[in-house]
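Structure, as structure tokens:
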Number of protein chains: 2
Amino acid sequence: MGRPYEFDREETLSKAMDLFWEKGYKATSIDDLVDRMGIKRGSIYNTYGDKHSLFIAAVEYYAEEVTSKTIKVLESPGSPLENIKLFFETIVNTPPNRKTRGCLISNTVVELAPHDEKVAETVRIILEKIQTAFLNCLNRAVEVGELSKDTDTQALSHFLATNTHGLIVTGKSAVNNKQMKDVVNIILSTLN
Amino acid sequence: MGRPYEFDREETLSKAMDLFWEKGYKATSIDDLVDRMGIKRGSIYNTYGDKHSLFIAAVEYYAEEVTSKTIKVLESPGSPLENIKLFFETIVNTPPNRKTRGCLISNTVVELAPHDEKVAETVRIILEKIQTAFLNCLNRAVEVGELSKDTDTQALSHFLATNTHGLIVTGKSAVNNKQMKDVVNIILSTLN
DNA sequence: TTTTTAGTTGAACAAACGTTCAAGAATGAA
DNA sequence: TTCATTCTTGAACGTTTGTTCAACTAAAAA
């Protein structure tokens, strides 16, 4: 068996995720991670491998813990269009200090994905899940009669995914909430 | 007087801008800059100051050379709504290898602005210019009767700015063009 | 021609970087 | 108790990082 871990491997991964989310990949050093995770360098390498592997693990953990919970709103019972509204309201109502973090996935698409095929692939899978969640939600809206039968749900789902990115980036540059609410109203007005 | 420069200070700044645009701030080292700019370390420091100052100069140069040219489409005579259509078509029709670079301003908003007040302020001014260009264009659309008089052009301008960010981020993750065209059609459909 | 000014060059710097590793410590199995 | 296994620890590694600087070189001014 050998000596057992003295730390919770999920808890420390969650802390690493938080730090990467806040600072990005390049700006986060192993020293920073040691401080935040509360375990020594050796334990990080022994448990998660090198920095790159740890980052990918963090992104995947983010997808499981953060993204999939956000997506659940779209899958919940009740009015699909109301769910989409809630989804965007959640983004807009993120507290200012959290808003500057944006979303680890968007951040990674911008910072790392263009130069790192492994990361790009990891992120692509997650983005596809989000877009599929929008699509399913829109298709259900058609089914329950909230959208007309000739709606191009495929196109609309891409539109909503694009606006999700857009709002998250906008939110990073300390924009006032009224502006973001206005934008959300226009997004929602396209769903008729 | 002293010894004259042996290089064109604007040309080398343009090369630095290209590299920061491609790789981001943190991932670009002084060595990388020496290679790309074709001048020695000392000349870089002597001419532009440290890495941070050079980066801000590069962002400002980008605003002058790239952003303001893109914005000019919105200000050109003729149909304002047609100009907006051209603006978004330019984004969608960016060749794939260039598309992964995205936009230096968006990239900077995501990577650096949240942790660097100086950079954040530089970028904020540029974002405001873009948004104002949209606003002016929309107001002109109202004037010439392409939009009804009760249009909330302020809100719409924020919507268009958000979608610009969204499309640029989407374009970074090697998405197919058909999807982006679909999104642009929906964006344009909100202008009635 | 001499002096002053100012850009060029390459070596050098300390600090920060990601990574490795041998020694120590805690567990279950023999 | 001894052994094998495996996590913990802290020191150490070689690179890469951003930055500085003294020596050199080219032009204009005296």
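Heavy atoms only: backbone and side chains are in, while hydrogens, waters and symmetry mates are out.
Scanning atom types as modelled, no donor and acceptor separated by under 3.5 angstrom connect the side chain of A:R41 and the base of C:dT20.
Comparing B:R9 and A:G2 along DNA chain C, the residue whose closest nucleotide (by nearest heavy atom) sits nearer the 5' end is B:R9. Each of B:Y25 and A:N46 was assigned the nucleotide of DNA chain D with the nearest heavy atom; the assignment lying further toward the 5' end belongs to A:N46. Mapping B:R3 and B:K40 onto DNA chain C via the closest heavy atom, the residue that lands nearer the 5' end is B:R3.
By the 6.0 Å and 45° rule, B:K51 stacks over the aromatic ring of B:Y25.
Atom pair B:Y5:OH and C:dG7:C1' shows a separation of 7 Å (rounding to whole Å applied). Taking atom CG of B:L33 as the reference point, atom C1' of D:dT19 lies 13 Å away to the nearest angstrom. Rounded to a whole Å, the CG atom of A:D50 is 18 Å from the P atom of D:dT15. Counting to the nearest Å, the P atom of C:dT19 and the OH atom of A:Y48 are 16 Å from each other. B:F55 has its CZ atom 16 Å from the C1' atom of D:dG18, to the nearest Å. Atom-to-atom, CG of A:D32 to C1' of C:dG18 comes out at 12 Å; the value is rounded to the nearest Å. At whole-Å resolution of the value, CD1 in B:I30 and P in C:dA14 are 19 Å apart. As a whole-Å value, the separation of B:D8 CG from C:dG7 P is 15 Å.
In the hydrophobic cluster analysis, where Ile, Leu, Val, Met, Phe, Trp and Tyr join through side-chain heavy atoms closer than 4.5 angstrom, B:L19 is grouped together with A:V110.
Listed pair B:S43 / C:dT8 meets the phosphate criterion, a side-chain N or O lying under 4.0 Å from OP1 or OP2. Side-chain nitrogen and oxygen atoms of A:S29 include none within less than 4.0 Å of the OP1 or OP2 phosphate oxygen of C:dA16.
For B:P4, taking side-chain heavy atoms from C-beta onward, the closest of the listed nucleotides C:dT8, D:dA27, D:dT19 is D:dA27. Candidate nucleotides C:dT8, C:dG18, D:dT8 were compared by shortest atom distance to the side chain of A:F7, and D:dT8 ranks first. Considering only the side chain of B:K51, D:dT19 comes nearest among C:dT19, D:dT19, D:dT8. Distances were taken from every side-chain heavy atom of B:D31 (C-beta onward) to each of C:dC17, D:dT8, D:dT17; the shortest belongs to D:dT17.
In this structure a side-chain-to-backbone donor-acceptor pair under 3.5 Å is missing from B:S14 to B:E10. With A:N139 contributing its side chain and A:T153 its backbone, the two residues share no donor-acceptor pair below 3.5 Å. The backbone N or O of A:K26 sits less than 3.5 Å from a side-chain atom of A:E111, completing a donor-acceptor pair.
The residue B:Y45 sits close to a base: some heavy atom pair falls under 4.0 Å.
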